[in-house]
Amino acid sequence: MRVTCVVFLISLGLLVKSADTCAQVELSDTTTVYRVDSEVEVLIDSAGRLTFDEVRELTFSKNNGALTFGYLKKPLWLKINTHTLRQNTLWYLEIPAPFLEYVDFYQKTDTTWQHSRSGYYLAQSERAISHTNHALPLLFDSLNNSEVYIQITGLSPKTFPVYIMDKEVFHQKTRTDDLWYGIFFGILLVMFFYNFFIYLSLKQINYLAYMGTIVCTFLIFASASGYASKFLWPENPQVNFYTGRLSLGVLTSVLAIFTIRFLEVRKYSRVMYYALLSLIPLSVLAILLIVLKELPSAGNNLISLCTIMFITTGIVCRVKGNAIATYYIAAWTIYLIGGLFLTLRNSGVFEFNFWTTHFVEIGAAMETSIIAFALGDRYRRYKREKEEIQLQALRIQQNTNEILEKRVQERTEDLIKVNTELQANLATISKQSEIIEAKNAELDGFFYRISHDLKGPISSLLGLSHLAKIEVTDPKAIEYLDRQHEQVDRLNQMIRGLINLTRLNNTSLSREKIDFVNLVDTCINSLQGLSKFPRIRFVKDVATGINYEAEWVMLNAILQNLIENAIKYSQEADAFVRITIREQDEMVLLEVEDNGLGIPEEHQAKIFEMFYRATDSASGSGLGLYILKRSVDRLKGKIKITSKEGEGSTFTIQLPRNH
């Protein structure tokens, strides 16, 4: 009898111990969603190094309430034992916290432990069930018992419930969640197009900026709720992370710009205006911290600060008389309450329920709608004011038209008289123009003949001067002959320039195909008599086969003037003249470059004027560049000069094929 009692007491003790350490959740009603937080056993891995096999040997603590561990950074282990009274029922375990980074399930089978994974950073195809939350189909042994270990790691808040439900109830719950989130995202979509159509009508940046806030809000909540990772980029969890976090930084900048414009903050408070402007560089900094992985929560921290700043801005503007700030304050207050509920829930102060979880989404939808309707109200007021202004303008226009009609009638009569006098004056002017043109033609002809008549004697003088220098040996006489030769040569250049100038005035110029290679060689050879010619190194880059027609003499005058000036004003040592001619689209490009003395900047704008010389010591007649400019204009071209004193000059001429 004594032995029987001892055995009974030992058995009773073992049963009590088993009941204390292995509490089971009994699953019987397939229509019920079981919240098993209070039945879960908990173990916190303080060192963060425990393996699953080591965890199984340790003692778990019974959790007597909701799972509210706040921002616990250490790994959290959960142990759940269940027993089903429905053998053919498929039960699902769900943790409705998509923000948990890493979730590992260890489930006991008849022979071993089955490991499956879920988590924010895990692709949908790698999860046990593709879902916005973390779900696991439970396995039961022959005694209808199930034992599951769950490891949760990461820096996200560890405040969440644990649900167990029948498969059909699980799918029904999923459909209900999808419906409500569909309504939420639908509200954002409707508000987006509402503002889009108003923007198309008014073209005001306010509406465009607010469309940006709606897009960012959509991306943030789609990412946080798990819908983006399931439907938009199921195999790219990193995209989901960066989309949500980076959108917070972008949202801050767009909201700051929108608030400044919507509330006209600069008009009511310069302090708040500059405070809001400071959010833009802060948002850029937050984005950099997220991208560089220095502070992944930078966007969340910034949006918390911004929410308070936006409400403060609204209050300041309302106090100072901005009536529309009332809408703004109401919208952001609702959003702030939702954010406060969520923050306190994440910190472990509030438990996980509908209001602490979803009021922020309700607040976001209401905030978006209120601001959108405020913008719509502004649009209606703007439209009404515009119609009143248009009506007033129409009345003014009618009165003005009556006055104008009288004045127009008076002025028309005056104009008829003036026009009659003008026609008479034009006839007189026309006759005078014909007389002037005839006289100019006579003058050009006379001038051309005189120039040609002078050219012969001048050429003879140059030749005699050259012969005299050969015969005369007296240094003083040679010096005088050099001076005489220089002046006669200058006179010769002037006569040649005048001849070219009269040719430019001739309206009927002959055209022929220009051989630019031959043209360049001819120009260079004609200048061999210049004293500095032997020291010059000529670089020719002339394209062959250029199809261009013009008067040879005119092209020759252009190139010869440029090359001659480049030689005259060259340096004493290592002097070069580079001549480049090539085709460029429908243009012919002529470029003459030298490394000579250069042209001072103050003279560059005047060098194409007639008889202009930069210095008194400059040789030449002052007609060369004037004739060059006239020739380029006659060919409908353009000329550009690039020069720096002491370094050289580059003249670039563009000539169109059709002129």
Side-chain angles (χ1 to χ4, degrees), residues 71 98-101 120-121 154-157 184-185 188-189 191-192 195-196 205-229 232-233 236-263 265 272-314 328 331-332 334-336 338-340 342-343 346-347 360-361 363-365 367-368 371-372:
Y71 286 92
F99 48 81
L100 295 175
E101 290 98 330
Y120 188 85
Y121 292 117
L155 301 177
S156 61
F184 171 68
F185 293 131
L188 295 181
L189 187 65
M191 292 300 103
F192 175 86
N195 286 277
F196 175 69
I205 300 298
N206 284 354
Y207 299 93
L208 194 62
Y210 200 64
M211 287 162 56
T213 69
I214 294 173
V215 171
C216 291
T217 302
F218 172 84
L219 293 174
I220 291 166
F221 280 98
S223 172
S225 62
Y227 281 90
S229 67
L232 298 182
W233 29 76
N236 297 282
Q238 288 295 329
V239 174
N240 188 54
F241 169 79
Y242 283 112
T243 300
R245 296 298 176 90
L246 295 179
S247 293
L248 288 168
V250 177
L251 177 63
T252 301
S253 294
V254 177
L255 274 174
I257 295 169
F258 170 76
T259 302
I260 289 171
R261 296 181 62 88
F262 178 69
L263 295 179
V265 178
M272 298 311 302
Y273 170 74
Y274 288 112
L276 291 176
L277 282 181
S278 68
L279 293 178
I280 297 174
L282 284 177
S283 65
V284 175
L285 177 62
I287 290 172
L288 290 175
L289 291 174
I290 293 168
V291 171
L292 298 175
K293 299 182 179 180
E294 294 293 330
L295 185 62
S297 62
N300 302 71
N301 300 337
L302 181 61
I303 203 69
S304 301
L305 169 67
C306 293
T307 303
I308 298 172
M309 286 187 63
F310 293 148
I311 293 178
T312 304
T313 303
Y328 190 85
W332 277 103
I334 296 171
Y335 187 80
L336 177 63
L340 184 62
L342 184 65
T343 301
N346 291 341
S347 301
V360 66
E361 285 137 354
E367 180 262 343
T368 302
I371 296 294

(message) Show me the pairs that pass ring pair (Phe, Tyr, Trp, His ring centres under 6.0 Å) and involve residues 287-314, at least two apart or across chains.
(response) Phe310-Trp332
(request) Working to the nearest 0.5 Å, report the span between CG of Leu219 and CG of Asn240. (result) 10.0 Å
(request) Find the distance between CD1 (Ile303) and OG1 (Thr252) and round it off to the nearest 0.5 Å. (result) 4.0 Å
(message) Taking side-chain hydrogen bond (donor to acceptor under 3.5 Å, both in side chains) as the definition, give me every residue that meets it alongside Ser225, ordered by chain and number, with sequence neighbours left out.
(response) none
(request) Could you tell me which non-hydrogen atom of Tyr71 sits nearest to which non-hydrogen atom of Pro157, and how far apart they are? (result) CE2-CD, 3.7 Å
(request) Check the pair Tyr120 / Ser223 against side-chain contact (heavy atoms from CB on, under 4.5 Å), numbers first and verdict last. (result) CA-CA 10 Å; Tyr120 188 85; Ser223 172; 2.9 Å; yes
(request) On the 0 to 90° scale, with breaks at 30° and 60°, tag the Phe221-Tyr335 ring pair as parallel, tilted or perpendicular. (result) perpendicular
(request) Determine whether the side chains of Thr259 and Tyr328 contain a donor N or O and an acceptor N or O closer than 3.5 Å. (result) yes
(request) Could you tell me whether the side chain of Thr368 reaches within less than 4.5 Å of the side chain of Tyr210, counting heavy atoms only? (result) yes
(message) Within this structure, what is the CD1-CD distance for the pair Ile220 and Glu361, rounded to the nearest 0.5 Å?
(response) 12.0 Å
(message) Minimum heavy-atom separation for Met272 and Met309, please, with both atom names.
(response) CE-O, 4.0 Å
(message) I need the minimum non-hydrogen distance between Asn206 and Arg261, along with the two atoms involved.
(response) OD1-CB, 2.8 Å
Solution key, residues 281-291 side-chain donor-acceptor pairs under 3.5 Å, sequence neighbours excluded:
unit_1, atom_1, unit_2, atom_2, d
Ser283, OG, Ser253, OG, 2.4
Ser283, OG, Leu279, O, 3.4
Ser283, OG, Ile280, O, 2.5

(message) Looking at every heavy atom in both Val250 and Cys216, which two are closest together, and how far apart are they?
(response) CG1-SG, 3.7 Å
(message) For the CG atom of Leu208 and the CZ atom of Phe258, what is their distance to the nearest 0.5 Å?
(response) 11.5 Å
(message) Please verify the inter-ring angle class for Phe241 with Tyr121; under 30° counts as parallel, over 60° as perpendicular, anything in between as tilted.
(response) tilted
(message) Quick check for you: to the nearest 0.5 Å, what is the distance between Leu277 atom CG and Ile257 atom CD1?
(response) 9.0 Å
(request) Supply the atom-to-atom distance Thr243 OG1 to Leu248 CG, rounded to the nearest 0.5 angstrom. (result) 11.0 Å
(message) Quick one, Leu188 with Phe184, criterion side-chain contact (heavy atoms from CB on, under 4.5 Å). Give me CA distance, side-chain angles, the key distance, then yes/no.
(response) CA-CA 7 Å; Leu188 295 181; Phe184 171 68; 4.0 Å; yes
(message) Between Glu101 and Ser156 (side chain of the first, backbone of the second, donor and acceptor by atom type, cut-off under 3.5 Å), is there such a pair?
(response) yes
(request) Measure across Thr213 and Leu255 and return the closest heavy-atom pair with its distance rounded to 0.1 Å. (result) CG2-CD2, 3.6 Å
